[in-house]
Amino acid sequence: MSIGYSQTNNGVVSGVVKDVTGKPIEAVIVVLKKTNKRVQTDENGVFKLSNVSIGQTVFVIRRLGYLTIEKNVQVKTEGITVIDDIVLMEDLTQLNEVSIYGNKNKFAKKETKSIARLPLKNLENPQVYNVVGKDLMKEQIVLERTDIYRNVPGAVPNYSAGGSQGLTMRGFSNTSGMLNGMNTSPVYPLNPAILESIEFIKGPSGTLFGGTRNTSFGGVYNYVTKKPFGVFGGEVSFVAGSFNFTRVAADVNTPLNKERTALLRLNVAGQSEGSFQDQGYAKNYVFAPSFSYQVTDRLKFSVDLDITKSAYTMTTISIGSLTNVLARSFEDLEFDYNRSYINNDVDAEIGVNNLGAQIDYKISDQWKSETKFLSSVGYYKHLLWTNLNVLTDSTATRVIRNQTPETFGNIHLQQNFIGDFKIGSLRNRMLIGLDYNNAYNELNRVVGINYDVINVNQPLNDFNAEKIRDLSYAKGFSASNTKAETYGFYISDVVNLTPSLMAMLSLRVDRFSTKGTYNVSTGIYAPNTAYQQTSLAPKFGLVYQPVEGKISVFANYMNGFTNLAPVVQPDNSVLKLDSQYGTQWETGIKVDILDNKLSGSISYYDIKVTNSNYKDAVTNYTIQDGTQSSKGVDVELIANPIPGLNIVAGYAYNENKYTRASTALLGKSLAASPKNVANIWASYAVPEGEIKGLGIGVGGNYVSDSWFETTNTFVLPSYTLLNTALFYDQPKYRIALKGNNLLNEKYWNATGMPQKTINFLVSLAFKF
């Protein structure tokens, strides 16, 4: 009798929840109104709720960050009642409030499809990666990329005098990031105001990302820019602080039609800063619109533009010889930390123009196509780079590079086919991709201009750009052009052998080709600079989840590569070099437990670099049998132990040495490669009550000693940074105060540049 009642009076309701782009949304709560009956959507956006009373009823459909909707449904007496056209719009206001007040691990936003280019969750991915998102950047009042890098376990910010910023990961330096998964110009003065997040992918990553711009075997990092969403909203902010810093930024998003299929988001920012030293400045301006159009439920295209200009001064330090230098650390040199030894006339004016486009097409329920394009043109209107080449503890030669004008371009075209299907009972998530990369430059430079010798205890000579230009013309500019093309094919498949056991099998084939260096003055290509190389990059991984969705044990083997040009031997013969390879073995554990309140990872890795080339000390011939070993441990912890309290912390140990090399390098550690690096940031915001939104953040970084130069004689000192922030965050505005380097620590980066002393910032933002 009870069975008959159930069949007559109860039914089953099902549906698929999607966003405005047609993408399924996971973890949406579907509630039968005025009851306790509810269900959540799965990873495909699908839900099914049984035992629903027959007749007219109302369902409430909600998810954090989206506008809640209600659906009137006539539940049928037989079969399954399907709710059609369930589309959720993003809610900017709710997103702002949730990130402040909710009991949510807001720094643990790891889910991304751009790292594996497959729909893989963090616990399903056999590779370690870290993501720094907008919530953390906002709390820390990020002004430049180095502020972001300090939140990554084991990452040490470094600097390229040409205008890019980068970091050392797992003992290897990299100043070339990617933009939305694509290769940019090596000249990229990016402003963080346009960023949604940065993804840091640990270990050699040539299988998916190639070797053209990802020559660091420690990993790659990907800048993810802000994208349009389905409702009107935005923010205007102002920041001011020490050393005459000011920044004005605006982020405005709006639908362009009633259907909300055409969306536009515009980010603009301008900032200017002096220096803690007696001379120096930095300015940056960015204009970055992003447009998307959902043509049909299957087809979407988007266009992103980034026009950035920057002007700044820079002074690096080198030690040509330690013969007459008694100091063995920057702390021991007589150079005044607060003096620049240049002036603001000797500077750089650079920029980049990025134009990206993407077409997404849903081929079927199992396959989709992703077509991506990026044209990135970086340039130096002029670049006057000063290097202080230390001669003694108190003297140095001011050496100038004049690069005026120069262009560095990169065109990248990529086609991906992404599938999620079953073969028998085995689920396969497969990526098949092709890409073409064209990297080119037009150089015009004079290097090694010895301007003068200075004594830091005596008055300095006049130092100006006009004299540098005269010296440049006297010595003569060298003009050249190069172009290199790369064709790549890659395939990756993640197979669920069981629901808890997954295997990743991946392979890339790259064909690199260049005609060499074209000499503008002679009209011919330089001899022995043309070459072609073919590289193979495999990647394998295993993931086992003893507690599904909460704990995973993983292991991987990954490969990266660098193309090497031929070298001319002392007898004028030509040695054709093979690609240099970096291979990594890694194993570890990832966790996401206590209802996402605690997540993190710990891993051990071993990276071997082979095919390095060096010169024999006796014969001066180049030999390609050099090896290098980098071993270490990475630890990350992200926690939300109580409502309002969020913590992100990391520690890394690394030892990176030359194991087969020239006599001068054998057994030595790599320069600027510290063994111990630690980071932490903890913040608390009052979650409810009259002072809801009032918060404090405290954090710090520790970087141990490393060597400044390859002989392992001169020390780059360790340092400890302490930072704090006070903020009051409301739905319509945010006020914040930030203190950086509160211990007033003196420290230097990998190029010998002194870093900022204690400084303060105040920020005011209006939301709409």
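On a predicted model such as this, the values are computed, not experimentally measured, just so you know. For this chain, numbers begin at 1 and follow the sequence in order.
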Strictly by modelled atom types, are N191 and N284 linked by a side-chain donor-acceptor pair under 3.5 Å?
-> yes

Side-chain donor-acceptor pair under 3.5 Å between D304 and S290, yes or no?
-> yes

Without hydrogens or angle criteria, can the side chains of T498 and S500 be said to hold a donor-acceptor pair below 3.5 Å?
-> no

Would you call D420 and R427 a salt bridge, using N to O less than 4.0 angstrom?
-> yes

Could you check Q127 against M504 for side-chain contact (heavy atoms from CB on, under 4.5 Å), going step by step and ending with a plain yes or no?
-> CA-CA 10 Å; Q127 187 169 11; M504 173 183 281; over 6 Å; no

Any donor-acceptor N or O pair under 3.5 Å, side chains K202, N130 | yes

side-chain contact (heavy atoms from CB on, under 4.5 Å) evaluation trace for V648 with V132 = CA-CA 10 Å; V648 57; V132 179; over 6 Å; no

Can you check whether L721's main-chain N or O pairs, donor with acceptor, with N701's side chain at less than 3.5 Å?
-> no

Return yes if some donor-acceptor pair links the side-chain N/O of N437 with the main-chain N/O of D435 below 3.5 Å, else return no.
-> no

Among side-chain atoms of S612 and Q628, is any donor-acceptor pair under 3.5 angstrom?
-> no

Looking only at atom types and distance, does a side-chain atom of N180 sit under 3.5 Å from a main-chain N or O of T225, one as donor and one as acceptor?
-> yes

Can you find a pair of side-chain heavy atoms, one from T710 and one from K668, that are under 4.5 Å apart?
-> no

Between E196 and K226, is there a salt bridge with N-O shorter than 4.0 Å?
-> no

Rounded distance [0.5 Å steps], NZ in K597 versus CG in D592 | 11.0 Å

Check for a donor-acceptor pair, side chain of R117 on one end and backbone N or O of L208 on the other, with a separation under 3.5 Å.
-> yes

Can you name the closest pair of heavy atoms from I115 and E199 and give their distance?
-> CG1-OE1, 3.7 Å

Y129 side chain vs K110 backbone, donor-acceptor pair below 3.5 Å = yes

When rounded to the nearest 0.5 angstrom, what distance separates OG1 in T308 from CG in N354?
-> 7.0 Å

Should the pair F330 and W748 be assigned to parallel (<30°), tilted (30 to 60°) or perpendicular (>60°) ring geometry?
-> parallel

Would the number of heavy atoms belonging to other residues, nucleotides or ligands and lying under 6.0 Å from NZ of K631 be above 12?
-> no

Say you draw a straight line from OG1 of T486 to CG of N563; how long is it, rounded to the nearest 0.5 Å?
-> 6.5 Å

When you measure from the side chain of N741 to the backbone N and O of K756, does any donor-acceptor pair fall under 3.5 Å?
-> yes

Rounded to the nearest 0.5 Å, how far does CZ of F554 lie from CD1 of I589?
-> 8.5 Å

Assess whether side-chain contact (heavy atoms from CB on, under 4.5 Å) is satisfied between F421 and M430, documenting all intermediate values.
-> CA-CA 8 Å; F421 57 92; M430 180 175 286; 4.0 Å; yes

For the pair Y557 and W585, name the ring-plane relationship: parallel under 30°, tilted 30 to 60°, perpendicular over 60°.
-> tilted

Among side-chain atoms of K590 and N122, is any donor-acceptor pair under 3.5 angstrom?
-> yes

Give a yes-or-no answer on whether the side chains of E745 and T720 include a donor-acceptor pair shorter than 3.5 Å.
-> no

Taking atom types as modelled, is there a side-chain donor on Y490 or N416 under 3.5 Å from an acceptor on the other?
-> yes

Is the backbone N or O of A750 less than 3.5 Å from a side-chain atom of N158, with the two atoms forming a donor-acceptor pair by type?
-> no

Taking the six-membered ring of F489 (Phe, Tyr or Trp), confirm whether the NZ or CZ of R511 is under 6.0 Å from its centre and within 45° of its axis.
-> no

Does K109 pair with D135 as a salt bridge, N-O distance under 4.0 Å?
-> yes

S492 side chain to S506 side chain, donor-acceptor N/O pair below 3.5 angstrom | yes

Got a second to check how far L190's CG is from I148's CD1, nearest 0.5 Å?
-> 8.0 Å

Give, for atom OG1 of T112 and atom CG of L118, the distance between the pair rounded to the nearest 0.5 Å.
-> 11.0 Å

Between T146 and Q165, which heavy-atom pair has the shortest distance, and what is it?
-> N-OE1, 3.8 Å

Indicate the ring-plane relationship of F200 and Y149, choosing parallel, tilted or perpendicular according to the 30° and 60° boundaries.
-> perpendicular

Centres of the Y221 and Y223 rings: under 6.0 Å?
-> yes

What are the two closest non-hydrogen atoms of G171 and S673, and how far apart are they?
-> CA-OG, 3.4 Å

Counting distance only, does the side-chain N/O of E548 pair as donor-acceptor with the main-chain N or O of Q545 below 3.5 Å?
-> no

Pair E124 + R429: basic N to acidic O under 4.0 Å = yes

Test side-chain contact (heavy atoms from CB on, under 4.5 Å) on Y747 and V703 and set out the steps.
-> CA-CA 10 Å; Y747 65 107; V703 177; over 6 Å; no

So, N125 side chain and L120 main chain: donor-acceptor pair closer than 3.5 Å or not?
-> no

Between the side chain of S630 and the main-chain N/O of N656, is any donor-acceptor distance below 3.5 Å?
-> no

Between R170 and E586, does at least one N-O distance fall below 4.0 Å, as a salt bridge requires?
-> yes

Side chains of S579 and S535: donor-acceptor distance under 3.5 Å anywhere?
-> yes

